[in-house]
Structure formats: C-alpha cells, structure tokens
Amino acid sequence: MAEEAQSESNRSGATEEGESHVAEARGVYVMYQGCWLRPRAMQSVKLVQQHFKARPDDTLLATFPKCGTTWLKALAFTVTNRLDHAATSDTHPLLTRHPQDLVPFLEMPYRQLHPIADLEKLASPRLLATHIPITLLPPCVPNLGCRVVYLFRDPKDVLVSLWQFISKVRTEYTIDRAFDSFSEGMSPYGPIWEHSLGFWKKSMAESDTVLFLRYDEMMAEPVKHVKMLARFLRVPFTEQEVSRGVVEDVVHLCSFDKLRSIPVNSTGVTDRIGGVPMENSSYFRTGKVGDWANHLTEEMANKLDAIVEEKLRGSGLIF
Ligand code: A3P
C-alpha cells in the first residue's frame, strides 16, 4: 500500500477483462475484478491467482491494510507455535523478528520480483497472510476448505492509520486527499466495504472456515479473543495452560507496547512490499481504538460513517 508513495502518470481506458484503468487526479489505481489496486500490486495478485497452490491445512490471515495485520500475525504465530516457543521464552522469535516477517503474505513482496514458488518451500501447516479480497482469492483456497481469519476495523481508524503510514514516505499526502480517495472506495485493495462484506458473508455462511474478528473487540477483551483464535486454529488452550496464565502471556508478548519496544520493530528499514522500503516502526503507531477523532473533522467522520452504513446496510455487519 505504500506504493501510493510512488507517482505515476494518469491513464484511462479499458484493458483486458475485469480490469479498467481510470484517470485519477490523486494517483492512479487499477480496478481489477472489483478491487482498486496499484498496477504492480495487480500484477502480483494475478500471479497469485495463477500460481498459488493452496493446501487443505493452510490458514490465511486476511485483512484490509491497516486493520491490525501485524498484531494478528504476531498472535496467530505465537498461538500456533507455543509448544516450540513459549511466549515467555527469552528466545521467542518475536524478540528478534518483525511480526510481518514471521507470516508471509501471498502477494508481497510483489510476486513478479519474488516468485510465488518461495511459498512452496514452507512446511505444512502454513500460516499465510493476504490483503486480497475473498472474491479475488484463487478458487483452490475455498475449494480446499482453507481456514481464514479476518480482522475488521472501524473504517475511520483505518483511514487515519493508512494516511499516517503513507505520509511517512509522501509528505504532501494530506488528510483531505486521503479522505476523498478513501471515501470513494479508492485505496489499496478497496473499497473497504466490499473487502469486509466479502469475508463477513462467508463467515456467516461458513463459520467453521472463516473467523471474523474485530479490532475494537479484541482490544477490549484480548484474552477472550485469543482463546477464540486458538480454538478456530484447532490448537485450543488446555485447562492447565489457562490456569498457568499462558493466554495472558501470549496477549502480553503480542501487545502493542511490548512489540513496539523490541529493537527489531523500533529501528531499521525494510522493504517488504517490493521497491518500497519502510521503517520497521511504521507498523506501530498508536494502536488505539478511536484515534480518528484526533484527525478527522466531525463532517468527515459523519460522511464516511454514512457511506459505510449505506454500503453495509442489510448485511448484519455493523461497525
Ligand atoms: P494505528 O495506525 O491506528 O496505530 P497493519 O498491521 O494492518 O498495517 O495495521 C497497523 C495498525 O495496527 C496501526 O494502527 C498499528 O499501530 C496497529 N498495531 C500494530 N501492532 C499492534 C498491536 N500489537 N496491537 C494493537 N494494534 C497494533
């Protein structure tokens, strides 16, 4: 998504099926199968669609950018690897590796630069992540019954988080521009309402294959949600683990304050996208629910709420 940082000349016209290019004064996105993507991201998504070979025991952590992917990666990794790495261990991988690097994305680094065959080398069961909407995921994912954990967040907080993230590399990117674009649905992997609705509907129809989580609820009751996550991932906490405080240990290790303080997350620069180096610390900003109130005007907030409400109406998904 930090590909936003790169400027590109405007284009217009239609190309191959499912894909149309639009002239957009705030930057060019490509509409690919109903999803706004930067052109290089679209190429990568196409490669995933063509070449990703799912396995029945794969788990996908699916998020719209800035909904808490880093947190979900840390939690899912810690929960599923706790027999090899206790959350209290001095040698836990999260102490030396950024959570983003412990769970690879399907589509990043861009698959035109880093072949998707890299994912073939991973041992099963694989824990993978993606920003790709459910409608664009390769059919092998649902056909094989792969489990998906989706993390949803208030779109106003997502907008602010995304704007702040992009501003780190593109200082002229104002909140007004970010708001206009986002509320038109035009942001990486957008519109956010389509993205969330796709996973929401699937979770309603198939609760054993899609777990739909919410950032605000996880922040309010992390222990309850980590237990829920472990059950869904088929690695439930035992009674002994619960009584020994193992769930709280996981929550603590993966908490915003703890992760942000670890040098591998607070220093250095890494290119995880493909030609877009970002500070490792940029994935840890405030980690708060409702920070939008510090950046959006009341008018902006009401307008975005109204748009999202209208788009989600009748679905049962509220925010
Ligand atoms: P803010 O910018 O609102 O602080 P993603 O990981 O999908 O890029 O999302 C980034 C958002 O998740 C940022 O939100 C970031 O601060 C927050 N975040 C990162 N780690 C977190 C954690 N351990 N707990 C809660 N929020 C976290």
Side-chain angles (χ1 to χ4, degrees), residues 1-5 41 60-79 87 92-95 97-108 128-133 149-169 173 175 178 182 187-190 192 195-196 199 213-223 225-226 229 248-262 264-266 270 272-273 276 278-296 301 304 319:
M1 93 219 56
E3 203 186 353
E4 273 268 8
L60 280 187
L61 308 179
T63 49
F64 191 84
K66 300 293 134 199
C67 283
T69 322
T70 315
W71 188 22
L72 184 60
K73 283 186 174 191
L75 286 170
F77 178 90
T78 306
V79 164
H92 194 283
L94 274 174
L95 301 179
R97 295 186 65 192
H98 196 289
Q100 287 287 350
D101 301 334
L102 288 174
V103 182
F105 274 109
L106 295 187
E107 68 278 12
M108 287 185 285
L128 304 165
T130 190
H131 290 321
I132 301 177
V149 182
Y150 188 74
L151 181 53
F152 176 73
R153 192 179 188 192
D154 182 335
K156 299 189 292 305
D157 277 335
V158 177
L159 161 62
V160 167
S161 184
L162 186 62
W163 162 61
Q164 293 270 344
F165 187 77
I166 292 170
S167 306
K168 288 202 172 292
V169 283
Y173 193 59
I175 185 63
F182 193 85
S187 67
Y189 302 89
I192 187 171
H195 199 281
S196 309
F199 287 98
L213 298 172
R214 309 172 64 107
Y215 184 93
D216 54 341
E217 291 180 354
M218 282 178 53
M219 288 293 277
E221 293 182 289
V223 168
H225 287 86
V226 168
L229 178 65
E248 284 80 359
D249 292 341
V250 171
V251 168
H252 173 70
L253 175 63
C254 300
S255 66
F256 178 82
D257 288 338
K258 173 67 184 172
L259 288 179
R260 187 172 64 158
S261 71
I262 300 172
V264 72
N265 299 328
S266 61
T270 307
R272 300 187 170 87
I273 297 169
V276 192
M278 299 292 297
E279 288 177 7
N280 291 324
S281 61
S282 59
Y283 295 85
F284 303 91
R285 194 180 61 92
T286 65
K288 289 200 166 41
V289 174
D291 182 54
W292 61 263
N294 295 317
H295 303 281
L296 300 184
L304 184 54
F319 63 99

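In each ligand, atom 1 is the first atom listed, and ligand 1 is the first ligand listed. No hydrogens, no waters, no symmetry mates; every other heavy atom, side chains included, goes into these values.
Side-chain contact between L94 and K258 is absent, with no heavy-atom pair separated by less than 4.5 Å. Counting heavy atoms from C-beta outward, W292 and L304 have side chains that stay 4.5 Å or more apart. Y283 places none of its side-chain heavy atoms less than 4.5 Å from the side chain of K73.
Aromatic ring pairs are classed by plane angle as parallel below 30°, tilted from 30° to 60° and perpendicular above 60°; the pair F199 and Y150 is parallel. Between F64 and F182, the two ring planes are perpendicular [angle over 60°; tilted spans 30° to 60°].
Of the options T69, V289, D154, the smallest heavy-atom separation from atom 7 (O) of ligand 1 is shown by T69. When the options R285, Q100, R153 are ranked by their closest heavy atom to atom 11 (C) of ligand 1, first place goes to R153.
By the criterion of a heavy-atom distance under 4.0 Å, the backbone of C254, and not its side chain, is placed next to ligand 1. In P99, neither the side chain nor the backbone holds a heavy atom less than 4.0 Å from any atom of ligand 1.
When only interatomic distances are considered, the shortest N/O to N/O separation between D157 and ligand 1 does not fall below 3.5 Å. The distance criterion of under 3.5 Å between nitrogen or oxygen atoms is not met by F284 with respect to ligand 1. Ligand 1 has no N or O atom lying under 3.5 Å from any N or O atom of F64, backbone or side chain.
Within the structure, ligand 1 has Y215 among the residues with a heavy atom less than 4.0 angstrom away. Remark: distances from the non-hydrogen atoms of R260 to ligand 1 are all 4.0 Å or more. K66 counts as a contact of ligand 1, since one of its heavy atoms falls under 4.0 Å from the ligand. Residue contact annotation: L259 has a non-hydrogen atom under 4.0 Å from ligand 1.
Between the side chain of D154 and the backbone N or O of F319 there is no donor-acceptor pair closer than 3.5 Å. Checking side-chain atoms of H131 against main-chain N and O of Y189 turns up no donor-acceptor pair under 3.5 Å.
Which parts of ligand 1 touch C67 is read off a 4.0 Å heavy-atom cut-off, strictly below it: atoms 7 (O), 9 (O). For ligand 1 and S161, the ligand atoms under 4.0 Å from any heavy atom of the residue are 1 (P), 2 (O), 3 (O), 11 (C), 13 (C), 14 (O). Interface of S255 with ligand 1, defined as ligand atoms under 4.0 Å from a residue heavy atom, comprises 23 (N).
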Carefully, step by step, assess L229 and V149 under the rule side chain to side chain contact (heavy atoms under 4.5 Å, CB included). CA-CA 8 Å; L229 178 65; V149 182; 3.9 Å; yes
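When all heavy atoms of R285 and R260 are compared, the closest pair comes out as O-NH1, 3.5 Å.
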